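Everything on this sheet refers to the single structure shown next.
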There are 2 protein chains.
Amino acid sequence: MKQITKSVIKNSLKRIFLYRACIVRLKLMGVEKVFSYTLANETGVTSDQVRKDFSEFSIKGNKRGGYDINDLLEKMEKLFHRNKDNNIVLIGMGNMGLALSKYSKFVQRHMNIVATFDIDPFKQKMRSGIPVYSMSRLKEIIERFKVKVAILAVPEISAQEVVDELIRHGITGIVNFAPVLLKVPPDVIINNVNLCDELESVIYYVHKQMKVNGLKNLELLYRDMKY
Amino acid sequence: MKQITKSVIKNSLKRIFLYRACIVRLKLMGVEKVFSYTLANETGVTSDQVRKDFSEFSIKGNKRGGYDINDLLEKMEKLFHRNKDNNIVLIGMGNMGLALSKYSKFVQRHMNIVATFDIDPFKQKMRSGIPVYSMSRLKEIIERFKVKVAILAVPEISAQEVVDELIRHGITGIVNFAPVLLKVPPDVIINNVNLCDELESVIYYVHKQMKVNGLKNLELLYRDMKY
DNA sequence: GAAATGATGTGAAACAAATCACAAAAAGCG
DNA sequence: CGCTTTTTGTGATTTGTTTCACATCATTTC
Ligand SMILES: NC(=O)c1ccc[n+]([C@@H]2O[C@H](COP(=O)([O-])OP(=O)(O)OC[C@H]3O[C@@H](n4cnc5c(N)ncnc54)[C@H](O)[C@@H]3O)[C@@H](O)[C@H]2O)c1
Ligand SMILES: NC(=O)c1ccc[n+]([C@@H]2O[C@H](COP(=O)([O-])OP(=O)(O)OC[C@H]3O[C@@H](n4cnc5c(N)ncnc54)[C@H](O)[C@@H]3O)[C@@H](O)[C@H]2O)c1
């Protein structure tokens, strides 16, 4: 029944996000249409890749005319369900939870943290505008705001029990900051963010690179890297 | 000269981190040797994959005897240069920077944030044990502690200028929290952590899953996901 | 309005990653 | 000691992803 669910973000989806960030910037600059090679240059991929990715997500442009920037954005918003607001809950108002609760980009992108939760009574008061509740009110809030997605920022040791509770109340998608592999049913999406691993990976590559220093062609190093 | 450098973490390396976390846990439980299928079960990959990954990083076990847990850890520490301490600097002591500076797992894993930096004079005092300096002392500190890796937690708008300065002073690896693609020379490793994208990806999959609900076989959904 | 041009969109080809299958080595056992 | 069992390590195969190549369409030009 319960199984380890791996982080599940396709590379093509990640690139779509890159393109969108770029498109948003171009729009602000007043640009009205954009070509696959423009996005390619800006994001460091090839123009073929851009078109293949768009093709995968059924995004179509105009032959010769490129992509109309407003149309493109509209299609993407639809793809990512950003026309409607997405209500999120955040569990664990420690260091990380507090930082995340203050992050304004989430709201800008229509992802609203409607409530945060903590077992520590000391933390159960308004902070940074978003209410902090005790865990006993989880069910009520999730139902009231029709929340499907949660951010988990509790200690490693509590992560599994909290996830179990979230799932019982109807959460089906989780961004997990605790460095543990959570066991969840197969219909629950988990995205693990492990900052230690991110840092260590960089250290690994930095050391690796220092070893091959003196090598003329750095291509060699990049060939076996993934983006 | 300067080019967009993409996040560059191989899937096999990510899995190695999973295995290690698992091995550390097993060691604490007193286990002394471990088999590829044990790690596989714990991490949700196949045992073939575990062995292939080990093979890629030249980690060898004993036929029939599996892997000696201490030997395995030692080899991994060496691989990730965790026998020696790694000195890190953190730029930007805002919400995110503050949370990161308080994160004890970094130290546990021999990654020491030796100093943090901010342009805001208000933030330039001791907090959470790690000193906060003005940007003018960047060069001095980087050189004194032989720092090669930086965590970047400054606003989007300042990210590029700060990166340029970091690189000028000898930084070659960066974990970047600002949602921008930084332009850096090809020998600098960038690892972008974009939390909005992480959240949005989950929302995307949650919605997608709700659409196919009623579908018997969830395998269909998982087939085109990547871990 | 036909020809040239410049872009998309997508099968085909090349490349990369994961899985399979099995030989080889080590350990246990009669 | 030789037979059986168990597990690693790695070529061979399959599956997945990216790049290539070009047909197709829209626009401009003459
Ligand atoms: N601080 C960071 O920079 C950072 C970085 C990466 C990962 N993380 C991870 O994020 C998680 C939180 O880290 P942190 O530094 O904010 O820790 P923290 O100890 O500051 O905060 C944890 C919070 O969770 C609350 N909590 C504990 N058990 C709970 C439960 N059962 N239900 C609800 N709330 C509960 C605590 O009261 C506390 O407020 C940890 O798993 C940590 O490993 C933190
Ligand atoms: N807070 C979050 O949860 C969160 C989540 C994801 C990403 N981020 C990203 O991380 C970065 C920091 O976010 P934050 O919420 O901590 O912002 P913040 O505004 O709280 O902190 C930014 C800090 O950087 C300092 N700073 C500004 N310009 C600087 C410069 N040129 N040199 C040195 N320091 C400088 C500021 O004084 C401030 O202390 C942003 O790019 C943000 O998009 C934040």
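All of these numbers come straight from a predicted model, not from anything done at the bench. Only this structure's heavy atoms are used, side chains among them; waters, hydrogens and symmetry mates stay out. A, B, ... follow the sequence lines: proteins, then strands. Residue 1 opens every chain.
Within the 4.5 Å cutoff, no side-chain heavy atoms of A/Gln160 are placed close to those of A/Val180.
Separating the CD atom of B/Glu56 from the C1' atom of D/dT8 is a distance of 17 Å, rounded to the nearest angstrom. In this structure, NZ of B/Lys14 is placed 11 Å from P of C/dA18, rounded to the nearest angstrom. The interatomic distance linking B/Gln49 (CD) with D/dT8 (C1') rounds to 15 Å, in whole Å. Put simply, CZ on B/Phe57 is 13 Å from C1' on C/dA17, counting in whole angstrom units. Atom CG of B/Asn11 and atom C1' of C/dT19 are 15 Å apart (whole Å). Distance CG (B/Asp68) to P (C/dA27): 12 Å, rounded to an integer number of Å. As a whole-Å value, the separation of B/Lys10 NZ from D/dT17 P is 17 Å. The distance between atom CD1 of B/Ile59 and atom C1' of D/dG9, rounded to the nearest whole Å, is 14 Å.
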key: Check against salt bridge (charged side-chain N to carboxylate O under 4.0 Å, His left out), B/Arg20 and A/Glu200   = CA-CA 12 Å; B/Arg20 198 191 37 181; A/Glu200 249 178 298; 2.9 Å; yes
task = Carefully, step by step, assess A/Lys33 and A/Asp71 under the rule salt bridge (charged side-chain N to carboxylate O under 4.0 Å, His left out).
result = CA-CA 9 Å; A/Lys33 61 183 180 175; A/Asp71 182 49; over 6 Å; no
inquiry  = For a side-chain contact (heavy atoms from CB on, under 4.5 Å) check, start with the C-alpha distance between B/Lys105 and B/Met111, then their side-chain angles and the critical distance, and finish with the verdict.
reply    = CA-CA 8 Å; B/Lys105 274 269 157 60; B/Met111 301 182 289; over 6 Å; no
Stepwise side chain to side chain donor-acceptor pair (under 3.5 Å) check, B/Tyr103 with A/Asn95 = CA-CA 8 Å; B/Tyr103 191 40; A/Asn95 296 312; over 6 Å; no
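Interatomic distance, B/Lys84 NZ to B/Lys78 NZ, rounded to the nearest 0.5 Å: 9.5 Å. The CD1 atom of A/Ile4 sits 8.0 Å away from the CG atom of B/Asn41 when rounded to the nearest 0.5 Å. Rounded to the nearest 0.5 angstrom, A/Phe177 CZ and A/Leu152 CG are separated by 9.5 Å.
If one axis is set at each end of the helix from C/dG1-D/dC30 to C/dG30-D/dC1 from five pairs, those axes are 10° apart, to 10°.
When all heavy atoms of A/Glu42 and B/Leu181 are compared, the closest pair comes out as O-CD1, 3.8 Å.
Non-hydrogen atoms lying under 4.0 Å from DNA chain C are contributed by A/Phe35, A/Ser36, A/Tyr37, all within residues 21-39 of chain A.
Neither OP1 nor OP2 of C/dG9 sits under 4.0 Å from any side-chain N or O of A/Ser55. Not one side-chain nitrogen or oxygen of B/Lys60 sits closer than 4.0 Å to the OP1 or OP2 atom of D/dT7. Contact annotation: B/Tyr67 side-chain N/O to C/dA26 OP1/OP2 distance is not under 4.0 Å.
In this structure, A/Lys148 contributes its side chain and B/His207 its backbone to no donor-acceptor pair below 3.5 Å.
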query = Once each nucleotide of nucleotides 20-30 of chain D is scored for protein heavy atoms under 4.0 Å, what B/S/- sequence comes out, 5' to 3'?
reply = BB--BBBB---
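Ring geometry for B/Phe35 against B/Tyr37 counts as parallel: the plane angle stays under 30°, on a 0 to 90° scale with 60° as the upper cut.
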